[in-house]
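Below, chain A is the first sequence line, B the second, and so on; all start at residue 1. Because only heavy atoms are used, hydrogens play no part in the values below, and waters and symmetry mates are left out as well, while side chains stay in. What you see is a predicted model; the values in this text were computed from it and never measured.
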Number of protein chains: 2
Amino acid sequence: MVQLKSKRSTDPEAIAHVGLDVLENVLSYYIRSLNMAVSRDLDEKLDGLEVAKGTGKITTLLLVDRHPGIRSSVIAQLVMRDRSAMVRVVDQMEEQGLLTRRADDEDNRAQGLFITRKGRELADRIRPVVVKQSRDFFPDLSDEEHRTLITLLGRTYRRIVGLPQQTPA
Amino acid sequence: MVQLKSKRSTDPEAIAHVGLDVLENVLSYYIRSLNMAVSRDLDEKLDGLEVAKGTGKITTLLLVDRHPGIRSSVIAQLVMRDRSAMVRVVDQMEEQGLLTRRADDEDNRAQGLFITRKGRELADRIRPVVVKQSRDFFPDLSDEEHRTLITLLGRTYRRIVGLPQQTPA
DNA sequence: TATTGTTATACTCTATAACTATA
DNA sequence: TATAGTTATAGAGTATAACAATA
């Protein structure tokens with residue numbers, strides 16, 4: 001069961017009758033709050049795995065593994081960071097031996113990212129962890145409700161980052 | 001229309017065919033990503049309003065307005081921070097004249113938070129902004145889909161922070 | 001002149017532990 | 001001894017602008 005991290009929470013009675021004011025019906029409030037909780041939980045589940053803290057590293061690892069030669073600017077757009085923020089992520093992951101940079105043949109300004117053997121092994125290892133963590137974090141959702149959330153939030157995500165909408169099967 | 005903040009994004013063609021690997025079906029990925037986008041957008045909408053950056057301040061302001069004498073530890077639990085993180089928020093807001101601390105009559109260790117006139121005015125001003133921003137951020141959701149998201153994410157949120165589940169009307 | 005990647009910097013947030021004062 | 005609030009600090013994330021090399 002997912003739990004608050006703090007050792008002891010306040011008396012349940014003290015909090016039971018607190019209303020959230022207008023935030024009760026503000027979707028972004030839940031997204032912002034759950035983000036903190038789910039991120040902390042994921043960090044715990046990935047503890048020691050050379051990837052933790054921030055969506056950037058996991059996404060980068062999986063995307064580079066899936067798309068050899070992908071540019072960091074493309075990843076930046078998908079994880080909603082700017083290019084300068086990506087540099088540090090790639091620097092760090094390159095130092096860790098998870099991926100390598102190689103100049104693009106056609107455009108010498110650009111460079112592609114490539115996974116290493118170590119990086120691929122790590123990717124294979126974290127994939128099931130990431131999937132399971134996310135599902136386990138929402139035990140009070142049915143499979144159908146879980147799918148619904150992914151569909152609806154995914155729709156907004158894709159629009160914002162510029163990915164094409166998924167065509168219903 | 002909500003847009004990416006970066007000046008220019010990469011060629012749409014370069015990104016259109018990028019698959020997200022397993023993250024495609026990972027709910028926490030969308031929550032973590034959308035959190036960044038929706039938080040940035042909210043900051044812009046609240047620009048200059050003495051409240052911005054982080055869920056903490058807005059939630060604190062609205063909760064103190066709604067529940068005079070509420071303790072910071074209760075707010076901490078609702079916004080998923082620890083007490084030490086709350087201190088800075090309350091410090092700052094007290095300096096800004098938005099709220100005041102007053103020792104609890106019954107338990108001198110504890111202290112209640114109370115809104116000021118200035119704080120109440122600000123609360124009244126930001127409420128519609130926060131509600132509108134959140135709805136506007138998801139233009140591709142129908143009202144029903146929007147309600148569904150709030151219901152489902154709210155359920156998980158309430159469990160995690162220890163609020164009672166809402167009884168279906 | 002525009003773009004890719006990089007560097008530098010300042011700022012904020014987060015996490016942890018230890019401290020105080022009351023109970 | 002346990003709790004409410006506080007302080008201090010180290011680490012990580014974020015945002016911005018300016019830069020070099022290439023197109």
Engineer: Backbone N or O of Leu27(B) within a donor-acceptor pair of the Ser134(A) side chain at under 3.5 Å?
Structural biologist: yes
Engineer: Can you list, in residue-number order, the parts of residues 93-104 of chain A that come under 4.0 Å of DNA chain C, counting heavy atoms only?
Structural biologist: Arg101(A)
Engineer: Given dG5(D), dA2(D), dT6(D), which nucleotide is nearest the side-chain atoms of Arg109(B)?
Structural biologist: dA2(D)
Engineer: With side chains defined as the heavy atoms from C-beta onward, is the minimum distance between Leu46(B) and Ile126(B) less than 4.5 Å?
Structural biologist: yes
Engineer: Rounded to whole Å, how long is the line connecting atom CZ of Arg83(B) with atom C1' of dA2(D)?
Structural biologist: 11 Å
Engineer: Could you tell me if Arg83(B) and Ser72(B) have a donor-acceptor pair between their side chains, going purely by distance under 3.5 Å?
Structural biologist: no
Engineer: What distance separates Arg159(A) CZ from Gln165(A) CD, expressed to the nearest 0.5 Å?
Structural biologist: 8.0 Å
Engineer: Of all residues at least two apart in sequence or in a different chain, which pass the side-chain hydrogen bond (donor to acceptor under 3.5 Å, both in side chains) check with Thr156(B)?
Structural biologist: Asp140(A)
Engineer: Without decimals, in angstroms, what is the distance between Asp91(A) CG and dA8(C) C1'?
Structural biologist: 13 Å
Engineer: Rounded to whole angstrom units, what separation is found between the CG atom of Asp107(A) and the P atom of dG5(C)?
Structural biologist: 8 Å
Engineer: Given atom CZ of Arg32(B) and atom C1' of dG13(D), what is their separation to the nearest angstrom?
Structural biologist: 12 Å
Engineer: Counting only side-chain nitrogens and oxygens, does Ser72(B) get under 4.0 Å of the OP1 or OP2 atom of dA4(D)?
Structural biologist: no
Engineer: Give the nucleotide from the list dA4(D), dG5(C), dA8(D) with an atom nearest to the side chain of Ser84(B).
Structural biologist: dA8(D)
Engineer: Flag yes if more than 12 heavy atoms outside Arg125(B) fall under 6.0 Å of its CZ atom; otherwise flag no.
Structural biologist: no
Engineer: So, is Asn108(A) close to the dA23(D) phosphate, meaning a side-chain N or O under 4.0 Å from OP1 or OP2?
Structural biologist: yes
Engineer: Between dT6(C) and Gln111(A), is there an OP1 or OP2 to side-chain N/O distance shorter than 4.0 Å?
Structural biologist: yes
Engineer: Pick out the pairs of N or O atoms, protein on one side and nucleotides 12-14 of chain C on the other, that lie under 3.5 Å.
Structural biologist:
| unit_1 | atom_1 | unit_2 | atom_2 | d |
| --- | --- | --- | --- | --- |
| dC13(C) | OP1 | Lys53(B) | O | 3.2 |
| dT14(C) | OP2 | Arg81(B) | NE | 3.1 |

Engineer: Starting at atom CZ of Arg71(A), determine the distance to atom C1' of dT22(D), rounded to an integer number of angstrom.
Structural biologist: 12 Å
Engineer: Rounded to whole Å, how long is the line connecting atom CE of Met86(A) with atom P of dT16(D)?
Structural biologist: 18 Å
Engineer: Can you tell me the distance, in whole Å, between the CG atom of Asp43(A) and the C1' atom of dA12(D)?
Structural biologist: 11 Å
Engineer: Please assess Arg147(B) against Glu144(B) for the test side chain to side chain contact (heavy atoms under 4.5 Å, CB included), listing each intermediate value before the final yes or no.
Structural biologist: CA-CA 5 Å; Arg147(B) 272 194 304 274; Glu144(B) 185 187 351; 3.9 Å; yes
Engineer: Among Ile31(A), Leu149(A), Leu153(A), find the residue that satisfies the side-chain contact (heavy atoms from CB on, under 4.5 Å) test when tested with Tyr30(B).
Structural biologist: Leu153(A)
Engineer: In this structure, how many angstroms lie between the P atom of dT7(C) and the CG atom of Asp82(A), rounded?
Structural biologist: 15 Å
Engineer: Does Val130(B) form a side chain to side chain contact (heavy atoms under 4.5 Å, CB included) with Lys45(B)? I'd like the steps, not just the answer.
Structural biologist: CA-CA 8 Å; Val130(B) 170; Lys45(B) 300 287 163 55; over 6 Å; no
